[in-house]
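Lettering follows sequence order; numbering is per chain, from 1.
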There are 2 protein chains.
Amino acid sequence: MKKKRVTLKDMASELGISISTVSRALKDHPDIDKGLTKKVKALAQKWSYIPNPLAMGLLRQQTRVIGVIVPDLVTYFFSSIISGIEDELQQAGYYIVISSSKESLEKEIECVHNLLNLRIDGLIVCLAQNSNQTDHFKKVLDHDVPLVFFDRVCLEKEVSTVVVDNVSMARDITTHFFENGARRIAHITGPKHLNIVEERAEGYLKGLKEVGLPFEKKYLVHTDLSPLSTEKAIQKLLQLPHRPDAILGVNDTVIFATMKAIKGTDLKIPHDILLAGFSDEFHATVVEPNLTSVAHPTHEIGRNAAKLILEQIEEEKAIQKKIVLNTALHIRASSVRMKKEGTWSLGFF
Amino acid sequence: MKKKRVTLKDMASELGISISTVSRALKDHPDIDKGLTKKVKALAQKWSYIPNPLAMGLLRQQTRVIGVIVPDLVTYFFSSIISGIEDELQQAGYYIVISSSKESLEKEIECVHNLLNLRIDGLIVCLAQNSNQTDHFKKVLDHDVPLVFFDRVCLEKEVSTVVVDNVSMARDITTHFFENGARRIAHITGPKHLNIVEERAEGYLKGLKEVGLPFEKKYLVHTDLSPLSTEKAIQKLLQLPHRPDAILGVNDTVIFATMKAIKGTDLKIPHDILLAGFSDEFHATVVEPNLTSVAHPTHEIGRNAAKLILEQIEEEKAIQKKIVLNTALHIRASSVRMKKEGTWSLGFF
DNA sequence: TTGAAAGCGCTAACAG
DNA sequence: CTGTTAGCGCTTTCAA
């Protein structure tokens with residue numbers, strides 16, 4: 001027998017008063033008799049009355065649910081961002097519904113529609129790897145549902161975003177390589193419709209220029225980020241007559257693969273080749289040697305995305321914003337030739 | 001200007017018919033004129049009408065939302081279970097709202113109440129480490145909300161659960177240690193109100209008995225799983241006059257800490273000491289040497305928990321069930337003394 | 001074959 | 001100070 005939830009009606013008939021009086025008493029309406037208010041509240045307490053969010057939602061046309069779409073749930077990068085989003089939103093009394101696009105455009109479109117049907121009050125998204133259309137997001141905007149992108153973004157003119165300064169970080173790593181003796185610096189880059197990929201490549205070029213190294217086409221290889229394609233890209237580099245003496249990966253994953261490939265050769269890291277990646281996955285400090293990487297402030301990315309959504313919900317006409325968060329370059333053994341092993345951080349800058 | 005969502009009313013007035021006729025046409029009610037039905041559907045298509053879930057929910061008293069409470073979001077174990085839950089539930093047209101208890105009882109209670117207030121249609125939970133009360137879950141049952149526990153469970157008489165056979169796995173590892181020459185097998189155990197902790201300890205004892213090794217109290221040390229307490233437990237073992245020559249950890253994390261501690265000594269793994277853990281975290285294959293561990297079928301745990309919830313929602317009086325999933329013992333270098341490095345699996349049994 | 005009306009739980013404008 | 005009423009979007013009797 002389902003224990004029916006207590007409603008205003010129940011309490012009204014118990015107390016022999018009208019529903020609206022109960023409703024008002026519960027929200028301390030000044031018109032209501034103090035004594036009555038007290039009595040109503042006591043009963044509500046006793047019966048542990050909870051307003052039905054469905055009824056409220058129907059009335060106000062809002063669900064207090066925020067949708068979140070991430071490329072996957074299982075990597076540390078995304079799960080810790082979600083954790084940040086959750087911290088911020090639950091404090092504000094919102095719930096989050098998480099969907100995974102599994103790095104696929106089709107899934108992403110499906111998720112957007114599902115969430116729109118659920119009547120979410122806002123949507124936070126990190127694009128899938130092969131997300132190269134924007135129609136589904138335009139639809140979100142059409143419905144006037146607040147939207148925020150983080151990390152991998154698009155429609156930057158219209159949508160608020162939370163990102164990091166990929167250009168500077170890629171440049172910094174490149175010059176760091178140079179300072180550690182590297183002269184043939186390579187970059188493994190990814191699908192170019194992704195803003196983060198483009199930016200990192202740009203930073204790489206900038207870094208080369210800064211230290212006076214010429215850009216050589218052969219040292220820039222592409223991967224679509226599939227394991228096979230990544231493997232090919234790595235081999236292309238390793239089999240070059242003049243092998244690179246440093247490799248900057250578009251993310252940590254390709255660098256882990258690179259390390260594995262290098263173990264099969266006579267090359268030593270960092271003696272013969274320097275390595276660094278992006279996003280500071282958890283493993284960065286467990287592989288041998290420890291991997292130099294750009295640490296994203298994941299928790300903060302999540303919190304900021306959540307704050308932007310909240311702003312847009314609350315303010316009638318919130319303007320588009322772009323938040324650029326600082327990253328930390330964690331320099332570890334994989335990229336340091338002069339120093340002994342050890343990890344230190346250049347701090348957040 | 002908010003683009004209002006299309007409602008039955010809108011379509012009714014457009015077509016000059018009543019709301020109820022539209023409603024019926026949309027669900028192919030046999031009474032409605034075929035031609036009219038077609039016209040209504042065409043308009044619905046054109047205007048991309050979506051039923052308002054809030055209205056439906058209010059009517060049927062259900063939200064199609066399932067709550068999920070996990071101790072944390074950022075470890076692979078939980079995020080991949082969530083991924084499994086999501087796969088199953090979204091297919092069935094349910095949404096999931098995820099909350100993190102952060103391993104704290106207080107947070108867990110808060111999450112339960114929040115979700116109950118949201119009027120979830122079901123709740124899937126893995127207990128927090130220090131969750132040693134059950135009142136909040138009794139409340140869930142009182143409200144007749146379907147409930148399923150996975151991995152760390154309680155109230156087993158009344159609630160359906162998805163678990164693995166911890167006893168056998170701990171026993172298998174213990175005998176495996178013995179077969180690899182260990183004679184002083186230690187176990188680092190955790191908070192004993194957790195079923196999984198108790199079961200693993202039980203399996204350890206069983207294994208000892210099976211190979212004819214006496215149980216020695218000094219080889220069983222406790223940790224509350226905080227880093228500090230874990231560190232103490234490890235030191236207690238390593239500083240024993242007769243140091244253990246094998247350690248079974250209650251999970252992988254304590255074993256990672258152990259490896260780190262051992263690196264500061266003259267001990268070699270696996271030459272002097274064998275190690276194995278539970279739950280096969282991602283890092284197990286990146287640490288040196290690779291860690292032997294019990295791999296939980298995380299995705300399957302998630303799917304099964306979701307299926308149980310679905311069953312309980314659909315069937316009026318579903319009975320309590322306990323699903324025991326098979327695990328795989330991944331034997332790797334950390335526990336093998338005779339063999340060369342390499343990973344193979346004993347398969348699922 | 002279709003429409004009118006009630007009701008899910010709640011709020012707010014409008015009356016007393 | 002309190003009650004009545006309408007309405008959020010939808011389904012479902014009951015009438016026509």
Side-chain angles (χ1 to χ4, degrees), chain A residues 2-41 43-44 47-65 93 116-121 143-144, chain B residues 2-41 43-44 47-65 93 116-121 143-144:
Chain A
K2 194 139 198 157
K3 199 176 191 175
K4 241 184 89 295
R5 314 297 277 252
V6 182
T7 69
L8 290 187
K9 205 184 183 181
D10 299 333
M11 302 182 16
S13 66
E14 167 78 8
L15 295 173
I17 57 179
S18 83
I19 294 176
S20 37
T21 303
V22 178
S23 169
R24 283 188 277 240
L26 252 19
K27 30 181 68 64
D28 282 314
H29 194 102
D31 283 355
I32 304 289
D33 179 86
K34 291 280 179 197
L36 223 194
T37 298
K38 207 164 258 174
K39 261 210 314 229
V40 170
K41 286 197 163 181
L43 184 65
W47 284 6
S48 59
Y49 164 77
I50 306 283
N52 186 326
L54 255 17
M56 297 283 289
L58 187 54
L59 209 56
R60 306 216 182 296
Q61 297 293 20
Q62 44 132 307
T63 51
R64 296 199 85 77
V65 169
L116 237 32
N117 294 350
L118 216 207
R119 304 292 205 267
I120 46 172
D121 289 348
H143 281 291
D144 232 43
Chain B
K2 195 140 199 155
K3 199 177 193 172
K4 242 185 90 291
R5 315 297 277 253
V6 182
T7 69
L8 290 187
K9 204 181 180 182
D10 299 332
M11 300 178 29
S13 66
E14 168 79 8
L15 295 172
I17 57 180
S18 83
I19 295 175
S20 32
T21 303
V22 178
S23 168
R24 283 188 276 243
L26 252 19
K27 30 182 67 66
D28 282 313
H29 194 103
D31 283 355
I32 304 291
D33 179 87
K34 291 281 181 196
L36 223 193
T37 298
K38 205 164 261 175
K39 262 212 311 231
V40 170
K41 286 196 165 185
L43 184 66
W47 284 5
S48 60
Y49 164 78
I50 304 282
N52 186 325
L54 255 15
M56 298 283 288
L58 187 55
L59 209 57
R60 306 217 183 294
Q61 296 294 15
Q62 43 132 307
T63 51
R64 296 198 83 77
V65 169
L116 237 31
N117 294 351
L118 217 207
R119 304 294 206 265
I120 46 173
D121 288 350
H143 280 291
D144 233 44

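Between B:L58 and A:N52 there is a side-chain heavy-atom pair separated by less than 4.5 Å. Here the side chains of B:V40 and B:I17 are in contact, with some heavy-atom distance below 4.5 Å. Annotation: side chain of B:R5 is in contact with side chain of A:H143 (closest heavy-atom distance under 4.5 Å). Looking at B:L43 and B:Y49, their side chains never come closer than 4.5 Å, going by heavy atoms from C-beta outward. Taking 4.5 Å as the limit, some side-chain heavy atom of A:T63 sits within range of a side-chain heavy atom of B:L54.
Between A:K39 atom NZ and D:dC1 atom P the separation is 15 Å, expressed in whole Å. The CG-C1' distance, from A:L54 to D:dT11, rounds to 15 Å in whole Å. Atom CG in B:L26 sits roughly 11 Å away from atom C1' in D:dC10 (whole-Å rounding). What separates NE2 of B:H29 from P of D:dC10 is a distance of 18 Å, to the nearest Å.
Judged purely by atom type and a 3.5 angstrom limit, B:R64 uses its side chain to pair as donor or acceptor with the backbone of B:G93.
Among the atoms of the strands shown, only primed sugar atoms or phosphate atoms (P, OP1, OP2) are found under 4.0 Å from some heavy atom of A:K27.
Between chain A and DNA chain C, the heavy-atom contact criterion of under 4.0 Å yields a 5' to 3' nucleotide range of C:dC8 to C:dA13.
Applying the salt bridge (charged side-chain N to carboxylate O under 4.0 Å, His left out) criterion to B:D10, with sequence neighbours excluded, gives B:K4.
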Margin query: Generate the contact string for nucleotides 3-8 of chain D. Rules: B means base contact, S means sugar-phosphate contact only, - means no protein heavy atom under 4.0 Å.
Written below: BB--BB
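Considering all non-hydrogen atoms of both residues, A:L26 and A:K41 come closest at O-CE, 4.0 Å.
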